[in-house]
Colleague: 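Got a structure for you, questions after.
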Amino acid sequence: MPKDTPLSAEKEVDLFELYAEDPELADELVFGRVPHKDRRGFLRGAGLATMGALIGATIPFHRNMPSGFIPEAIAATGMKIKGKNGLTILNDRPVNAETPPHNLDDDVTPTARHFIRNNGIPPEDMNPDTWMLTIDGFVDNPLKLSIADLKSKFEVITRKICIECGGNGRAFFDPKAKGNQWSLGAVACAEWTGVRLIDVLKAAGVKKQAIYTAHYGADTHLSGKPGKLPISRGVPIRKGMDSNNLITFAMNGESIHPMNGAPLRLHIPGWPGSFSHKWFNRMQLRDVVHDGTKMTGAAYRLPPHPVAAGTKVDKKTMVFIESMVVKSLITSPESGIKLPKGERSVRVHGHAWAGDNSVSRLHLSIDFGVTWIHAKLDAPANPYAWQNFTQTVKLPQKGYYEIWARATDDQGRTQPFAIAWNPKGYMNNSMHRISVYAS
Ligand SMILES: Nc1nc2c(c(=O)[nH]1)N[C@H]1C(S)=C(S)[C@@H](COP(=O)(O)O)O[C@H]1N2
Ligand SMILES: [Mo]
């Protein structure tokens, strides 16, 4: 990399540092292929498709690109993904990007601001005209459906759906938990269009023996090993048959973004995002608990009771995560804001959600949690949409303030200030706080 390459001022710099330190390793991490010693020719197939998606075009002369070389289109503007902006790219896996809270201020998250969590390499072929979805296993009539079939045979509906990664907030764990170091922004609420999973399952005729779903998609494992899956999660049949689950082919009124699962994805709202399979091409109904990739061991499991930070927990005792927990995010103002001189009032806006439950109350504090102010909290636009809150708070004098937000769900459960530490770094719903300077 030339020494004078401009570095982005944002956190994306991590990626450039990675390239500066070890370009070959960076290639492997970002594009998921072991580089050929001196050429980017290795970037055939999915690795090349990923680079194309980042740059926004195919690269006719890609064979001439040296390995470990950062294309100028990326170097000049910071890491960019076509159709995405305002995301912070994490550097430890192929294309994982989160959204800083102030870029999540919209009540419906624009596609450009929707986080990305990829466990493997996205498929090269995302053609909606040839895409097929298979429903098989313990069903009376196994189905093979095109997207046109889905549209013509089932009722098409549009829903706002909040999706949050089970590991959102992991970056704040101490001691650290392994995995993507998400801070606050692995959450979004876009508008999705598709059909109800339950309608498709009814058409397939789910047999009595079916107790679990198993989800499959077209992305491939980082190792490139055929048959090895990046992820395959599944839910107990009672959740699988919930009428709020969707199979979607549109996001915010357009085709689904390639990084968010084009051309077809599953939605199992309220539970960790990992159940909502992208590049979705098969659901199998099983007569056993699904044992796919990231279903076994300690994956998506919590200790059976609270543990002190750093405690070793026996995997066998850990409990499978179902519903996500009550949580909220302040999206305006941006943390660290300096108010104009003499300004003493701040309009606070944000969102709250509670997995399978709804949020009943939202409180704000400007005095480190001693007193709490009710915020106006909207009902969800539809089940499983996040709920928006707004309140103007008054600051008594100049100085440094923190604004804290605390949501309470319809079961009376509220957000803790501290993190409920667990070995794998899941379900951090500690209160969000921002800083505000009044002068
Ligand atoms: N096929 C496939 N589906 C997937 C994943 C994946 O890696 N492959 N990641 C899952 C995880 S862990 C999360 S949190 C969500 C993220 O959805 P998004 O990338 O659209 O934000 O997708 C889920 N669906
Ligand atoms: Mo996730």
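Positions are given from 1 along the sequence. Numbering of ligands and ligand atoms starts at 1, following listing order.
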Colleague: Can you find an N/O atom of F115 closer than 3.5 Å to an N/O atom of ligand 1?
Modeller: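 Between F115 and ligand 1, an N or O pair is found under 3.5 Å apart.
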
Colleague: If the test is side-chain contact (heavy atoms from CB on, under 4.5 Å), which one of T213, I231, I268 qualifies with H277?
Modeller: I231

Colleague: Does W182 have a heavy atom less than 4.0 Å from any atom of ligand 1?
Modeller: no

Colleague: Checking S332 side chain against D105 main chain: does a donor-acceptor pair fall under 3.5 Å?
Modeller: no

Colleague: Which residue and non-hydrogen atom of the protein lie closest to atom 10 (C) of ligand 1, and at what distance in Å?
Modeller: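 Nearest neighbour among protein heavy atoms for atom 10 (C) of ligand 1, to 0.1 Å: S274 CA, 3.7 Å.
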
Colleague: Strictly under 6.0 Å, is that where the ring centroids of Y300 and F320 end up?
Modeller: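 Ring-ring flag for Y300/F320: false, centres at least 6.0 Å apart.
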
Colleague: Identify, for atom 15 (C) of ligand 1, the protein heavy atom at the shortest distance, and state residue, atom and that distance.
Modeller: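 The protein heavy atom lying closest is G273 O, 3.5 Å.
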
Colleague: At a non-hydrogen distance cut-off of under 4.0 Å, which region of E164 contacts ligand 1 (side chain, backbone, both, or neither)?
Modeller: neither

Colleague: If we ignore hydrogens and angles and just use 3.5 Å, is the side chain of H290 paired with the main-chain N or O of S232 as donor and acceptor?
Modeller: yes

Colleague: Kindly say whether the aromatic ring centers of F417 and W404 come within a distance under 6.0 Å.
Modeller: yes

Colleague: Just jot down the ligand 1 atoms closer than 4.0 angstrom to any heavy atom of C165, in number order.
Modeller: 14 (S)

Colleague: Under a 4.5 Å cut-off applied to non-hydrogen side-chain atoms, are L246 and L197 in contact?
Modeller: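 Result no, sub-4.5 Å side-chain heavy-atom pair not found.
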
Colleague: Can you find a pair of side-chain heavy atoms, one from L377 and one from R361, that are under 4.5 Å apart?
Modeller: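 Not in contact.
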
Colleague: Check each of E164, H432, Q415 against K327 using the side chain to side chain donor-acceptor pair (under 3.5 Å) test, and report the only one that passes.
Modeller: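 Among E164, H432, Q415, the one that satisfies the side chain to side chain donor-acceptor pair (under 3.5 Å) with K327 is E164.
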
Colleague: Out of all atoms in ligand 1, which are within 4.0 Å of some heavy atom of D219? Include the element for each.
Modeller: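 The list of qualifying atoms is 1 (N), 2 (C), 6 (C), 7 (O), 8 (N).
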
Colleague: Taking only heavy atoms of Y300, which atoms of ligand 1 are found under 4.0 Å from at least one of them?
Modeller: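 Every atom of ligand 1 under 4.0 Å from some heavy atom of Y300: 12 (S).
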
Colleague: For ligand 1, which atoms sit closer than 4.0 Å to a heavy atom of I231?
Modeller: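 Listed by number with element, the hits are 2 (C), 6 (C), 7 (O), 8 (N).
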
Colleague: Quick check on contacts: which atoms of ligand 1 are under 4.0 angstrom from a heavy atom of R265?
Modeller: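 Close to R265: 15 (C), 17 (O), 18 (P), 20 (O), 22 (O).
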
Colleague: Think R265 forms a cation-pi with F280, using NZ or CZ under 6.0 Å from the six-ring centre and within 45 degrees of its axis?
Modeller: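 No, R265 does not sit over the ring of F280.
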
Colleague: Which atoms of ligand 1 are found less than 4.0 Å from any heavy atom of N260?
Modeller: 18 (P), 19 (O), 20 (O), 21 (O)

Colleague: Just jot down the ligand 1 atoms closer than 4.0 angstrom to any heavy atom of S276, in number order.
Modeller: 22 (O), 23 (C), 24 (N)

Colleague: Check whether any N or O atom of N119, backbone or side chain, sits under 3.5 Å from an N or O atom of ligand 1, and answer yes or no.
Modeller: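 Yes, since at least one N or O of N119 sits under 3.5 Å from an N or O of ligand 1.
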
Colleague: Please confirm whether W192 and H267 have ring centers closer than 6.0 angstrom.
Modeller: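 Yes, close enough.
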
Colleague: At a 4.0 Å threshold, what atoms of ligand 1 neighbour a non-hydrogen atom of N118?
Modeller: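 What qualifies from ligand 1 is 7 (O).
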
Colleague: Tell me: protein heavy atom nearest atom 3 (N) of ligand 1, and distance?
Modeller: K278 N, 2.9 Å

